[in-house]
Amino acid sequence: MVRGAKSMVAPPALPFVGHALALRRNPLRFFAEIRSYGDIVPIRLGPAKAYVVNTPDLMREVLVVQARNFDKGVQVEKARAFLGNGLVSSDGDYHRRQRRLVQPAFRASRIPGYGRIMSDVVTRHVSAWQDGQVLAVDQELNKLTLTIVAKTMFATDFSMETAMEIRDAMRPVLAGVTRRMMAPFGVLTKLPTPESRRFNSCIRRLHEIIDRVITQYRASGEDHGDLLSMMLLARDREDATGMTDLQLRDEVMAVLFAGSETVANSVAWTFHVLGANPEIEHRLHAEVDGVVNGRTPQYEDLPQLPYTRRVFTEALRMYGPPWMLSRRTTAEIELGGVRIPAGASVLFSPNSMQRDPAIYPDPDTFDPDRWLGNEIKTAAKCTYLPFSAGNRQCIGDSYAWVSSVTILGGICSRWRLTPAPGSRVRPTIALTLVPSELPMKLHRRQDTGAPPRPAAGGRAPDAGEDVQDTANNHGSHGTCPVTGRMSQ
Ligand code: HEM
């Protein structure tokens, strides 16, 4: 079948299971191969028909243009039972109202405050590392990002201990929710196994902590500069009401769930590619040394780290968390000239699209410089979708950029990470794209002796071409210094 034809021809399928086995066994290969069948390809997942969408135009149609004709479908319905009805798992009018109420917590004016907390957490965390130690970098980053998201959620004094408690309870919950969302038969996860008991007790513990903090915050009425304060203060512009305690708890759970592993895995992949590309690593180290010289970047330093940002942009292109996004039609629709009935699943893989050679030449080469001056264009055309797009676009994208570049800069200014001998890192599929393992050896970096550049208005070493990026990304007037995006 010729690429680009709006085909309705399906690839060969097995009896009964259809394409479900191929999709489950190796989803990345499945999505790469199915591209050659056309723009929109019908498949069968057991008895149910689904449609795979292969072009950025059609992805845009689903995520943006016809967004109101879709909900998030079965997987998030499963998540709702454990996570509650927060942004990740709610739909329709309820989701729209909640999104309006949560949005102010992620407004550009709040991000510098979170940036300060992030820098502080990163500094404490990496100071405990030992020269020569082999670290499970993926797990270490999971701990670090959970601490960051917990601390930016609750930034009051008691919070380091509470953040640790949340972190420890959240880890089995993240793994357990993923397992339950991906399980084809719900009954297996309902058995009273030790894992289920631990999972349920961690969820209860999280609810207790969150409810307790909400009560304290309501009583004080203060703005602590954290995510929860802003969620508590938010009032709906239509009816001037705020969130109930239960709604707040659901939204806290949603942010803890969506905001930790995604960053951890993306940064983990970045270290994986840096380990394989010493020249790129060297350039990134040189940039970081010139700006922060041995310390963790502060929010104000971030516009001076354009190469670090490009490295992360490229890591997200190749290894972004959303290996698959799915939606379900709420009405009969027409998509790319094909009629799709109500209740059908529509699937696509941002990762696979971001490795399409027709869109990204030489797509398997890690080349941060392909992003020089390109970001805005790709966002508009939906050819770069690590944060999705439209009404369900990641609400924490600016937060995520600041957090990721702070972590990368904070680690690279002190440590060089090299792959541990014998490690074999493969992409594995959970809700996000996870490295199978990531053991890396730590080498304390020598002080380069390079004088740090001034805190603002400085240039990166490769400034000539980067000026455009940095100029776009200055943190004034409500724009994020890393993404350059205006606050919503
Ligand atoms: C590199 C890091 C991250 C990536 C790649 C990422 C990616 C995504 C994607 C792809 C979605 C939309 C899924 C869909 O369209 O079905 C999403 C939603 C969401 N993300 Fe992120 N995310 C990241 C970090 C964060 C952080 C740090 C937070 C919060 C602190 C966060 C909070 C959320 C929430 C609450 C949603 C649901 C939004 C809604 O449906 O209205 N994410 N994220």
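For ligands, and for the atoms within them, numbers begin at 1 and follow the listed sequence.
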For [X], is at least one N or O under 3.5 Å away from an N or O on ligand 1?
{"X": "Ser266", "result": "no"}
{"X": "Tyr399", "result": "no"}
{"X": "Arg99", "result": "yes"}

Does [X] come within less than 4.0 Å of ligand 1, judged by its heavy atoms?
{"X": "Phe106", "result": "yes"}
{"X": "Gln98", "result": "no"}
{"X": "His95", "result": "yes"}

Quiz item: Which class fits the ring pair Phe154 and Tyr217: parallel under 30°, tilted 30 to 60°, perpendicular over 60°?
Solution: perpendicular
Side chains of [X] and [Y]: do they bring a donor and an acceptor to under 3.5 Å?
{"X": "Thr123", "Y": "Arg295", "answer": "no"}
{"X": "Thr296", "Y": "Arg414", "answer": "yes"}
{"X": "Glu287", "Y": "Thr308", "answer": "yes"}
{"X": "Asp236", "Y": "Thr241", "answer": "no"}

Quiz item: Which residues and atoms, counting only protein N, O or S, are under 2.8 Å from atom 21 (Fe) of ligand 1?
Solution: Cys394 SG
Quiz item: Can we call the ring centroids of Tyr299 and Tyr114 under 6.0 Å apart?
Solution: no
Quiz item: With a cut-off of under 6.0 Å to the ring centre and 45° to the axis, is Arg25 in cation-pi contact with Phe30?
Solution: no
Self-check item: Shortest non-hydrogen contact between Ser423 and Pro439, atoms and distance
Solution: CB-CG, 3.5 Å
Practice problem: Please could you name the atoms of ligand 1 that Val255 approaches to less than 4.0 Å, counting only its heavy atoms? | Solution: 29 (C), 30 (C)
Quiz item: Which atoms of ligand 1 sit under 4.0 Å from any heavy atom of Lys72?
Solution: 13 (C), 14 (C), 16 (O)
Quiz item: Where the side chain of Gln66 meets the backbone of Glu334, is there a donor-acceptor pair that is under 3.5 Å apart?
Solution: yes
Self-check item: Winner among Pro322, Pro386, Ala315 once heavy atoms are compared against atom 7 (C) of ligand 1
Solution: Pro386
Quiz prompt | Residue Arg124 excluded, over 12 heavy atoms near CZ under 6.0 Å | solution = no
Practice problem: Could you please spell out the steps behind the ring pair (Phe, Tyr, Trp, His ring centres under 6.0 Å) verdict for Tyr384 and Trp371? | Solution: CA-CA 11 Å; Tyr384 184 68; Trp371 294 104; 4.7 Å; yes
Practice problem: Could you tell me the residue and atom name of the protein heavy atom closest to atom 40 (O) of ligand 1, and the distance to it rounded to 0.1 Å? | Solution: Arg392 NE, 2.8 Å
